[in-house]
Amino acid sequence: PDNQAHRLTFTGAIDLPFGSRYVGTYSHNRMTQNSPFIPFTINTGLGDCDAGFNMSDVRCLPARSLNGEIIQTLFNNVLTTRFDEDLTSTLRFRHLSLDNNTPRLIFEEWVRWDGERTGDERGNATPAYDKTNASADLNWTFMKGWKIGGSLAWEHFDRTHADVKETDEYSQKAFINVKPEDLAWLTVRASYLHADRDFDRYDALGNVGVIGHPDDGGNYPASEDMRKYDLAKRGRNKADIFAEFAFESGWVITPTASWRQDEFSDRIFTGGELGLKRENYWSAGVEQTYPVTDEIMLTVAYMRENFDRRMVGGEESGDSDAWGSRITDVVDTVETLMTIALSDKILPGDLNVDIGFVYGRTNNKTATYAVDGGNDPDDQYPDVTNDFQRFDTTLKYTVDPDLVTSIGWEGEALLKLRFGYERNQMTNWQTDIMAPYMNDVNDDAEESLFLAGIDPNYEASLVTLELGLTW
């Protein structure tokens, strides 16, 4: 559908006493969408609706268009105070309000699968929220090249039409930055964060079910024991470290590592509430940049990421059919980039060529177990793998200024030619059998059509030519 958005932003700053400076931003954004609806179906053999029109007529809908409107308001405040050359503080307060003024519509009956009328009422949700953030940071340079600091932060959500109305998250962070004066080639940054999130009351049926299913939410499919990962109670611990070795030869080595542990809900792997219970993540990698010659710069990077998730699923807590899952993903990524400067060697002006290649491989393992049978699962399913490749080369030519002037142009001229190729290939036992008409491969899928909307296997080529003129 067609959309419109209009944003108005004001930003101002003022210097205050005691070495302080305030920066404030106010933003107002109005987004609308009012394209006409399409009918329930093109099937004319389903009779008439209560309004007296055929079910394929758009007049059977409760409205002709959405008349959607969202108003987004942002108020951001930053107060920085420099107590002396070595000690600074930053106070932040940010409030974002998203008001959804889209009308509520009730569909008393509708068409399922293009061939079946249903009187199970449906209503559209109009989700909205207010988000408030506040934080206090303190940075201290206790000796030249050595800085430590910390922060306290609070985040509050007040949602409309969500399983949870209000959530609060409190976090504490500490960091150290090191760039020793006698080791000018070395930079090290490290940080650690701890955060806890909680909610006021979890009520999926009362907050969402009766909105989409006006008949008291009776047909709402979600379990009352399900806890969505972005709303559930969560305890988070996170550590990051970054280093850079920049030698006089121009050779730069940058290793990085990260670790995160998120624990959700009641943290019980053998029952309890349903949903994601824990996610452990770590990553480690290194990037190297080396000047092969004065004209050629080569960058090579490698990164490994590891995700380990524990979940519990079922219709309700304590259900004899409930199950647990352990899902792990390992992602390996290799990236290379060569930049070649050919200024004045082929054409007058600046000619640069970038040649890049990325290869990524993901391996997924899934294991399940009966909740009442312990929490030490064995692998039961074939691995799911994904291979991604991308080749990209860009030729950028800045035309010689004398040549530009000779043709009567006062300014700069730039030509950019880009060629890209991308390929993705997944092996997944769950989707490998999918076909346009699913009943050809699965007798239980009589009314399912697969139109390749989620097909992850593809090849794509891209060629672009750009001309830029400045004056």
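- Under the 3.5 Å distance criterion, with hydrogens and angles disregarded, no donor-acceptor pair is assigned to the side chains of Asn457 and Asn424.
- Looking at Arg310, Arg260, Arg267 one by one, the single match for salt bridge (charged side-chain N to carboxylate O under 4.0 Å, His left out) with Glu279 turns out to be Arg260.
- The environment of CD1 in Ile38 is sparse: at most 12 heavy-atom neighbours from other residues, nucleotides or ligands sit within 6.0 Å.
- Looking at Ile327 and Met311, their side chains come closer than 4.5 Å, going by heavy atoms from C-beta outward.
- Although no hydrogens or angles enter the test, the distance criterion places a donor-acceptor pair under 3.5 Å between the side chain of Asp266 and the main chain of Glu273.
- A donor-acceptor contact closer than 3.5 angstrom is absent between the side chains of Asp387 and Gln425.
- Inspection of the Asp86 and Trp140 side chains reveals no N or O donor paired with an N or O acceptor under 3.5 Å.
- Here the two rings, on Phe391 and Phe357, have centers that are 6.0 Å apart or farther.
- Defined by atom type and a distance below 3.5 Å, a donor-acceptor pair is missing between the side-chain atoms of Arg197 and Ser171.
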Item to complete: Before giving the answer on salt bridge (Lys or Arg N to Asp or Glu O under 4.0 Å), spell out for Asp262 and Arg278 the whole-Å C-alpha distance, their side-chain angles and the decisive distance to 0.1 Å.
Response: CA-CA 6 Å; Asp262 291 336; Arg278 186 185 72 189; over 6 Å; no
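- Between Lys233 and Glu263, no side-chain nitrogen of the basic residue sits less than 4.0 Å from a carboxylate oxygen of the acidic one, so the salt-bridge criterion is not met.
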Discussion item. Would Asp200 and Lys165 count as a salt bridge (Lys or Arg N to Asp or Glu O under 4.0 Å) here? Give the steps.
Written reply: CA-CA 7 Å; Asp200 58 339; Lys165 180 174 175 55; over 6 Å; no
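- In this model, a donor atom of one side chain and an acceptor atom of the other lie less than 3.5 Å apart for Ser258 and Asp240.
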Fill in: Glu244 vs Arg189, salt bridge (Lys or Arg N to Asp or Glu O under 4.0 Å): CA-CA, chis, key distance, verdict
CA-CA 9 Å; Glu244 180 180 88; Arg189 302 189 188 100; over 6 Å; no
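- For Tyr202 and Asp163, the side-chain atoms include at least one donor-acceptor pair closer than 3.5 Å.
- In the displayed structure, Arg104 atom CZ is contacted under 6.0 Å by more than 12 heavy atoms of other residues, nucleotides or ligands.
- Around atom CD of Glu108, no more than 12 heavy atoms belonging to other residues, nucleotides or ligands sit under 6.0 Å away.
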